[in-house]
Amino acid sequence: MRQFLQRRRSEGREAARAERAAGPVHPGDEAAAAGERLDLVAALWTLPVRQRAAVVLRYWHDLPEVEIARALGCRPGTVKSNLARGLAALRQEVER
């Protein structure tokens with residue numbers, strides 16, 4: 001667990017460094033990005049619990065399907081199905 005958390009912190013620091021190195025952020029860009037994140041979070045709440053959990057674990061926590069299956073107590077095929085259905089529903093919700 002310690003190694004996992006340490007790796008997560010390291011990845012976060014590296015991502016922050018890369019973001020700072022990319023150049024200055026314009027205030028309008030930052031506000032637009034924050035609005036998009038809020039829209040995405042609102043769309044996530046429309047998903048059923050299992051789909052939402054699978055999407056968050058995969059794309060926010062970057063866990064592989066096997067670990068997600070272990071965490072959710074299901075098979076990797078079920079995770080793939082939940083991810084596909086969740087992403088399709090998110091696309092529809094965001095397009096509205």
Side-chain angles (χ1 to χ4, degrees):
M1 185 57 125
R2 286 186 191 133
Q3 290 176 343
F4 174 77
L5 292 173
Q6 183 178 12
R7 190 171 9 123
R8 284 279 171 204
R9 284 190 291 264
S10 295
E11 290 170 356
R13 286 190 297 267
E14 289 174 21
R17 280 188 212 114
E19 197 172 301
R20 284 192 303 268
V25 176
H26 300 289
D29 294 343
E30 198 170 300
E36 288 175 2
R37 280 192 300 274
L38 289 174
D39 291 343
L40 181 59
V41 170
L44 274 170
W45 281 106
T46 66
L47 296 178
V49 175
R50 303 281 282 184
Q51 289 177 11
R52 183 171 58 239
V55 169
V56 168
L57 289 172
R58 180 70 181 112
Y59 296 102
W60 254 283
H61 294 284
D62 200 29
L63 293 179
E65 291 161 356
V66 174
E67 288 186 37
I68 297 169
R70 196 173 307 130
L72 297 179
C74 62
R75 294 176 182 246
T78 304
V79 170
K80 290 177 185 180
S81 174
N82 282 325
L83 286 171
R85 290 180 182 146
L87 290 176
L90 281 176
R91 282 187 197 102
Q92 286 180 346
E93 188 67 30
V94 170
E95 288 175 359
R96 290 182 187 176

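Small disclaimer: the values here were computed from a predicted structure and weren't measured.
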- dist Glu65:CD -> Leu57:CG (nearest 0.5 Å) comes out at 12.0 Å
- Task: Taking all non-hydrogen atoms of both residues into account, name the closest pair between Ala54 and Leu83 and its distance.
- Result: O-CD2, 3.3 Å
- Note on the structure: Heavy-atom nearest pair, Ala69 first then Pro76, reads CB-N, 3.7 Å
- Closest heavy-atom pair and its distance - Leu44, Arg52: O-CD, 3.3 Å
- Item | Asn82 versus Gln51, closest heavy-atom pair with distance | O-CG, 3.6 Å
- Could you tell me which non-hydrogen atom of Val79 sits nearest to which non-hydrogen atom of Cys74, and how far apart they are? CG2-SG, 3.7 Å
- Euclidean distance, Glu93 CD relative to Asp39 CG, rounded to 0.5 Å: 10.0 Å
- Task: Answer with yes or no whether the hydrophobic clustering places Val94 together with Val41; edges join I, L, V, M, F, W, Y residues whose side-chain heavy atoms lie under 4.5 Å apart.
- Result: no
- Note on the structure: Distance col, row Ile68:CD1 vs Thr78:OG1, nearest 0.5 angstrom, shows 12.0 Å
- Do side-chain atoms of Arg50 reach the backbone of Leu72 as a donor and acceptor pair under 3.5 angstrom? yes
- Is any side-chain heavy atom of Leu90 closer than 4.5 Å to a side-chain heavy atom of Tyr59? no
